[in-house]
Amino acid sequence: MHDIRAIRDNPEAFDEGLARRGLEGLSSEVLGLDEQRRAQILLAETGKADLNKLSKQAGEAKAGGDAAQFQEISESVSVRKSLIAANVELAEALDEKLRDMLMTIPNLPLDEVPDGRDEADNVEIHRWGTPRNFNFAPKEHFDIEGVKPGMDFATAAKLSGSRFVVLKGAVTRVHRALAQMMLDTHVEDHGLTELWTPVLVKSEAMYGTNQLPKFAEDSYQTTNGWWLIPTAEVTLTNTVAGEILEEAQLPIRMTAHTQCFRSEAGSSGKDTTGMLRQHQFEKVEMVTICTPQTALAEHARMTNCAQAILEKLGLPYRTIVLCTGDMGFGAQKTHDLEVWLPGQNKYREISSVSTCGPFQARRMNARYRPRMAEGTGKAETAAKPEFLATLNGSGLAIGRCLIAVLENGQQADGSVELPAVLHPYLRGKTRISSAGVLE
RNA sequence: GGAGAGGUGGCGGAGUGGUCGAUCGCGCCGGUCUCGAAAACCGGAGUGGGUGCAAGCCCACCGUGGGUUCGAAUCCCACCCUCUCCGCCA
């Protein structure tokens, strides 16, 4: 959510930011509403101040035993009350209207983010690994002989419909090994704290991380009002909602392995075969809570954490900066990691790492108390709470990572050689045979 | 699901109709003392909003939403949440 003061102070910058995202300027609309709202607040509060004064006088009259005076004041109060109530109601309505408007306006891109309309304008900033030279035509994951017995879309369709999968045998072991390897790496090599969280959350949490109010149709809701999280960003980030942290506690770097649920409402027809795009999938998520000043450094760090996983797996990838027109709603800057999928002969998104600045924190009312500079301890310099910065990134999407491992490791005979880093997690097994057996 | 207790400022914990935005303790900040620190003592400090060049003034906030009253943290109603015990259960 945007800070109305910032818009008031610099409406041009606000509109320029929106323009960079390909959106119409909204400052005049927002500020017009803000002005109305403030005028109404003034009206309502003046009325309330009046009433408060009269109440006090009534109390004094009563204490002084002046019944006539008390009677007169009481009556004058009741006459004014309804008018003031109407003013208060209108003020609240305008306040809510402004808040609702601010809630649906996306975050502004940082200066350094490249301008552009869509994914064609994204900029590659890093490339690692060389796609293997296959001496045969590499297949997509669901067509590889050794994978077929372990990836059952027909049975999943019977149970749940399209965009679901049943994994069996060797493939489940690899899937599970990937999750463990990612978590262990983040915890031990990268110093993140592992959390295990609910996947059912209240609406407030979904508001905090921008899924609501604008993107309700992308997620699932239970009959009693809980939402199924589309990503652990929701639970991890909202752990600090409503809190005031001490600067010394920062940064807080978290990771969690969870199920994720997405309706994929806007993507019918896209990636319909295979398990690239599912309604239910697993992901290891990373979230950092820090000061706005350190957010960019943390963003770079988090990108490295995600890249490290792909490098450990020996999977070729590239990292791109999303252009202004392709960034998600809450992001100030986003890196996407794209892994090489030989079956598709393409790089495909496997991780998205974003800094939101104080945008989500403002929604969540998540703040920190800045450390005071030494020797400046006057009362007026006492540290006021400020909004935190929040960052999130996949580290990584496990299903997509599984696909990448299978496609990149496939052999001419339909077997799959698995990355060495996974062998310990497979009790020394190194490959899936063309018959689908882990050996 | 049943019974009970409770939700107050950064934390702990008072407060049961009118200078209570809230006693007190801890923690925090400044000062005195000290070579320096600790202790002790003195002083300061809630959050959000409106208004004003500013000093300041005003409004709201004691889980949430209603109600009673001239006036509510305090009384009434509904809801939410937490904790304890019992039951059931992975």
Side-chain angles (χ1 to χ4, degrees), chain A residues 1-9 30-31 33-99 102 196 198-207 222 224-227 238-250 252 259 289 358 361-388:
Chain A
M1 191 169 72
H2 287 282
D3 178 6
I4 183 65
R5 287 216 173 81
I7 302 174
R8 242 185 258 157
D9 289 348
V30 168
L31 292 180
L33 183 55
D34 180 45
E35 221 161 281
Q36 266 187 58
R37 163 185 155 267
R38 281 153 66 197
Q40 190 60 41
I41 285 175
L42 190 59
L43 202 60
E45 288 190 351
T46 312
K48 280 199 255 185
D50 247 30
L51 275 189
N52 288 345
K53 242 175 257 162
L54 285 173
S55 289
K56 210 163 200 178
Q57 286 169 19
E60 280 158 11
K62 198 167 195 184
D66 190 339
Q69 173 82 358
F70 174 75
Q71 191 62 25
E72 193 191 321
I73 295 172
S74 295
E75 274 159 26
S76 116
V77 165
S78 22
V79 170
R80 293 175 199 219
K81 247 183 163 176
S82 61
L83 175 65
I84 286 161
N87 279 333
V88 168
E89 203 171 310
L90 187 52
E92 281 169 359
L94 286 169
D95 199 57
E96 196 171 322
K97 194 172 168 192
L98 179 66
R99 191 178 163 81
L102 292 174
W196 186 92
V199 297
L200 294 171
V201 298
K202 299 193 264 192
S203 293
E204 289 93 305
M206 295 285 276
Y207 274 98
T222 66
N224 66 346
W226 282 324
W227 295 85
N238 278 287
T239 55
V240 298
E243 302 285 327
I244 300 176
L245 306 174
E246 295 300 325
E247 186 174 350
Q249 294 173 257
L250 305 173
I252 298 172
Q259 301 278 348
I289 309 294
R362 211 172 280 122
R363 294 176 160 236
M364 295 189 301
N365 195 27
R367 294 168 297 171
Y368 74 102
R369 219 178 280 285
R371 204 182 273 128
M372 300 221 299
E374 273 176 55
T376 60
K378 287 190 224 136
E380 59 267 26
T381 64
K384 281 225 163 169
E386 289 173 21
F387 289 113
L388 290 157

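All values below come from the heavy atoms of this structure, side chains included, with hydrogens, waters and symmetry mates left out. To find a chain, count down the sequence lines: A is the first, B the second, and so on, and within it residues start at 1.
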List every contact pair, protein side and nucleotides 67-69 of chain B side both N or O, where the distance is under 3.5 Å.
none

Under-3.5 Å N/O pairs linking protein and nucleotides 16-18 of chain B:
{"unit_1": "G18(B)", "atom_1": "N2", "unit_2": "S55(A)", "atom_2": "O", "d": "3.2"}

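G48(B) and C53(B): their P atoms are spaced 22 Å apart (whole Å). Nucleotides C79(B) and U84(B) are separated by 23 Å at their P atoms, to the nearest Å. Taking atom C1' on both nucleotides, C33(B) is separated from G43(B) by 15 Å, rounded to a whole Å. Using C1' as the reference atom, G17(B) and U69(B) are 9 Å apart when rounded to the nearest Å. Distance noted for atom C1' between C62(B) and G13(B): 13 Å (whole Å). Distance check on atom P: U8(B) versus A3(B) gives 25 Å, rounded to whole Å. G15(B) and G4(B) are spaced 24 Å apart, taking the C1' atom of each and rounding to whole Å. Rounded to whole Å, the P atom of A45(B) lies 12 Å from the corresponding atom of U23(B).
Counting to the nearest Å, the P atom of A60(B) and the CD1 atom of I84(A) are 11 Å from each other. Whole-Å rounding puts the E96(A) CD to G48(B) P distance at 21 Å. When the P atom of A60(B) is taken as reference, atom CD of Q40(A) falls 16 Å away, rounded to whole Å. In this entry the distance linking CZ of R37(A) with C1' of C59(B) reads 13 Å, nearest Å. Between E243(A) atom CD and G10(B) atom C1' there is a gap of 10 Å when expressed in whole angstrom units. Rounded to whole angstrom, the span from the CD atom of Q71(A) across to the P atom of G71(B) amounts to 13 Å. Here G66(B) presents its C1' atom at 13 Å from CD of E89(A), a figure rounded to the nearest Å. Counting to the nearest Å, the P atom of C61(B) and the CG atom of N365(A) are 17 Å from each other.
Side-chain contact check for L250(A) versus I252(A): some heavy-atom pair is nearer than 4.5 Å. The shortest distance between side-chain heavy atoms of L54(A) and S76(A) falls below 4.5 Å. Counting only heavy atoms from C-beta outward, the side chains of I4(A) and L98(A) approach each other to under 4.5 Å.
In terms of phosphate contacts, R38(A) brings no side-chain nitrogen or oxygen within less than 4.0 Å of OP1 or OP2 of G49(B). Considering only side-chain N and O atoms, R369(A) lies nowhere under 4.0 angstrom from the phosphate OP1 or OP2 of C29(B). Considering only side-chain N and O atoms, R367(A) lies nowhere under 4.0 angstrom from the phosphate OP1 or OP2 of G10(B). Taking side-chain N and O atoms only, N52(A) has no distance below 4.0 Å to OP1 or OP2 of G71(B).
Of all heavy-atom pairs spanning H2(A) and L102(A), the tightest one is O-CD1, 3.9 Å. The minimum heavy-atom distance between L94(A) and Q36(A), with the atom names listed, is CD2-OE1, 3.5 Å. Contact record, V199(A) with Q259(A): CG1-O, 3.9 Å, taken as the closest heavy-atom pair. Scanning both residues, F387(A) and Y368(A), for their nearest heavy atoms gives O-CE2, 3.5 Å.
Place E45(A) and I244(A) on RNA chain B by their nearest nucleotides, and I244(A) ends up nearer the 5' end. Closest-nucleotide positions on RNA chain B for A39(A) and L54(A) were compared, and the one nearer the 5' end corresponds to A39(A).
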Show me, pair by pair, the donor-acceptor contacts under 3.5 angstrom made by side chains of residues 44-52 of chain A, not counting sequence neighbours?
{"unit_1": "T46(A)", "atom_1": "OG1", "unit_2": "L42(A)", "atom_2": "O", "d": "2.5"}
{"unit_1": "D50(A)", "atom_1": "OD2", "unit_2": "R80(A)", "atom_2": "NH1", "d": "2.8"}

For residues 60-69 of chain A, tabulate all N or O donor-acceptor pairs below 3.5 Å that involve a side-chain atom, not counting sequence neighbours.
{"unit_1": "D66(A)", "atom_1": "OD1", "unit_2": "Q69(A)", "atom_2": "N", "d": "3.1"}

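With a cut-off of 3.5 Å on both pairing distances, the Watson-Crick and G-U wobble pairs of RNA chain B assemble into stems of 3 or more at B:1-7 with B:80-86, B:10-12 with B:24-26, B:28-32 with B:40-44, B:46-51 with B:56-61, B:63-67 with B:75-79.
Nearest nucleotide to the A49(A) side chain, out of C70(B), C58(B), U47(B): C58(B).
When each of L245(A), N365(A), I244(A) is checked for a side chain to side chain contact (heavy atoms under 4.5 Å, CB included) with P385(A), only I244(A) meets the rule.
At a threshold of 4.0 angstrom between heavy atoms, the contacts of L42(A) are confined to the sugar-phosphate backbone, with no base atom among them. R8(A) comes within 4.0 angstrom of sugar-phosphate atoms only, judged by non-hydrogen atoms across all strands, and of no base.
Here the side chain of R363(A) pairs a donor or acceptor atom with the backbone of Y207(A) at under 3.5 angstrom.
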**Prompt:** Going through the checks in order, is the side chain to side chain contact (heavy atoms under 4.5 Å, CB included) test met by L200(A) and W227(A)?
**Reply:** CA-CA 5 Å; L200(A) 294 171; W227(A) 295 85; over 6 Å; no

**Criterion salt bridge (Lys or Arg N to Asp or Glu O under 4.0 Å) on R5(A) and D9(A), from CA distance to verdict** = CA-CA 6 Å; R5(A) 287 216 173 81; D9(A) 289 348; over 6 Å; no

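The side chain to side chain donor-acceptor pair (under 3.5 Å) analysis of residues 83-97 of chain A, with sequence neighbours excluded, yields the pairs R37(A)-D95(A), Q40(A)-N87(A).
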